[in-house]
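Counting begins at 1 with the first residue of the sequence.
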Amino acid sequence: MALKDLLVVVDDGAASAARLDLAARLAARDDAHLTALYAFTDVALPGYIQAELPAELRASRRKDLDAQVAQAARRFEEAMRRHGRTERSEWLAVERDPTTAAAVHGRYADLIVVGQPDPDRDRDALVAQPADLLFESGRPLLVVPYAGQFATIGERVLVGWNGSREAARAIGDALPLLRGAKRVVVMAANPKPGPNGLGDEPCADIARHLSRHGCKVEATHVATDVVEPGDTLLNTAADEGCDLLVMGAYGRSRLRELVLGGMTRYMLQHMTVPVLMSH
């Protein structure tokens, strides 16, 4: 079992280079094919206004968009040359909403690598939204923080476990990475007691399962009413020097309104290491 087909969502933001670099190293690890998706849109104007625009202005705008796409393509080609991935990579530029494009094209990949939106820089930019992709793509996401450089990925992994189907799905999706990790820590934050909880030895069963897959795994749990579960996970990741966090994503889509679970929302806003999420 290995990740053989990856999709990385790139854009014009400053964090895109680090995200592309991480995806290239992840692809090289299993000699996977890497597709970079660059989705862009023109300024949306009502039809009656577009009809009144001079042809020269429309042509100028089209020329600017083409130059923007070409510049992004050059950045991708340079990155692939640095990583020796020119024969195992593909550039895909589409004029479409980034989230919709990533959801559609991501269904043909083993994993979607996407960026955490920067609340300051991306407030007015049209970028792929991980919260929407979780529910629309049907694939696991590797969400990369907008701040920081990530020299390694998947060497020391922290798995957030609560016994749910979403957490089980995330572990299954992450197995190709977990099997190659030097160390895997499975942790339950404030585990619930009782027959439907995690039992007297939280994480023992899932750790045993992972060990049967050859994972170098250990189990732990933390009970506290002082620190939020999200902070507990992030603090543990920092203390243990983890370069990847694996967790399930919770929520539901009702009509067009996305309702995220508290932990999922918190992690998407506060992550400090790449997070692999599955719904």
Side-chain angles (χ1 to χ4, degrees), residues 1-6 26 30 103 106-107 109-114 130-143 153-154 156-181 183-223 228-230 232-234 236-237 240 242-253 258-268 271 273-279:
M1 180 188 291
L3 297 171
K4 285 297 184 181
D5 201 359
L6 308 180
L26 193 58
D30 287 332
R107 292 170 192 149
D110 297 324
L111 180 70
I112 302 172
V113 183
V114 65
D132 296 320
L133 279 177
L134 280 168
F135 298 91
E136 295 177 11
S137 67
R139 293 299 195 188
L141 303 187
L142 179 60
V143 188
I153 179 71
R156 297 169 303 282
V157 185
L158 177 65
V159 177
W161 178 249
N162 62 0
S164 68
R165 66 177 181 85
E166 290 89 350
R169 174 64 185 269
I171 285 179
D173 289 333
L175 264 179
L177 296 173
L178 299 178
R179 291 181 65 182
R183 184 182 182 217
V184 177
V185 178
V186 184
M187 190 184 81
N190 295 334
K192 296 180 181 179
N196 294 325
L198 299 184
D200 296 331
E201 296 182 68
C203 301
D205 291 340
I206 192 63
R208 188 178 304 112
H209 168 70
L210 288 174
S211 70
R212 291 167 180 161
H213 280 275
C215 299
K216 303 175 182 67
V217 61
E218 53 196 84
T220 186
H221 66 279
V222 175
E228 291 293 326
T232 299
L233 283 175
L234 292 176
T236 302
E240 299 292 340
C242 294
D243 58 10
L244 177 64
L245 174 61
V246 174
M247 60 177 283
Y250 314 97
R252 63 185 183 275
S253 182
L258 186 66
V259 184
L260 286 177
M263 175 71 87
T264 308
R265 183 185 299 108
Y266 185 90
M267 202 58 65
L268 287 174
M271 62 175 62
V273 297
V275 180
L276 191 150
M277 289 183 167
S278 290
H279 174 63

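When side chains are defined from C-beta on, L177 does not count as touching I153, because their heavy atoms never get closer than 4.5 Å. Between L142 and L244, the closest side-chain pair of non-hydrogen atoms falls below 4.5 Å. Contact of the V159 side chain with the L178 side chain is registered, since non-hydrogen atoms from C-beta on lie closer than 4.5 Å. Looking only at side-chain heavy atoms (C-beta outward), V143 and M271 come within less than 4.5 Å of each other. Contact of the V246 side chain with the V184 side chain is not registered, since no non-hydrogen atoms from C-beta on lie closer than 4.5 Å. H279 has its side chain out of reach of T264: every pair of non-hydrogen atoms, C-beta onward, lies at least 4.5 Å apart.
Taking all atoms of both residues into account, the shortest heavy-atom contact from G160 to L233 is CA-CD2, 4.0 Å. Counting all heavy atoms, side chain and backbone alike, G154 lies closest to D243 at N-OD1, 3.0 Å. Across all non-hydrogen atoms, the minimal contact from A223 to N190 is CA-OD1, 3.3 Å. Residues A249 and L134 come closest through the heavy atom pair CB-CD1, 3.7 Å. Closest approach of P140 to D110, counting heavy atoms only: CG-O, 3.4 Å.
Legend: salt bridge (Lys or Arg N to Asp or Glu O under 4.0 Å) pairs involving residues 204-218, not counting sequence neighbours, sorted by first then second residue: R183-E218, D205-R208.
By the side chain to side chain contact (heavy atoms under 4.5 Å, CB included) test, R107 is found to be paired with A103, V104, residues two or more places apart in sequence or in another chain being considered. With sequence neighbours left out, C203 forms a side chain to side chain contact (heavy atoms under 4.5 Å, CB included) with W161, V186, A188, I206, A219. The side chain to side chain contact (heavy atoms under 4.5 Å, CB included) check on S164 picks up N162, E166, A167, Y250, with sequence neighbours excluded. For H213, the side chain to side chain contact (heavy atoms under 4.5 Å, CB included) partners are L175, R179, H209, C215, not counting sequence neighbours. Under the side chain to side chain donor-acceptor pair (under 3.5 Å) criterion, D173 pairs with R169, S278, not counting sequence neighbours.
Here the CG atom belonging to L276 is positioned 8.0 Å from the CG atom belonging to L141, to the nearest 0.5 angstrom. Note: T220 OG1 to M187 CE = 7.5 Å, rounded to the nearest 0.5 Å. Taking CE of M267 as the start and CG of L245 as the end, the distance is 5.5 Å to the nearest 0.5 Å.
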Practice item. Show your working on side chain to side chain contact (heavy atoms under 4.5 Å, CB included) between S137 and I112 and close with a plain yes or no. Key: CA-CA 9 Å; S137 67; I112 302 172; 3.7 Å; yes
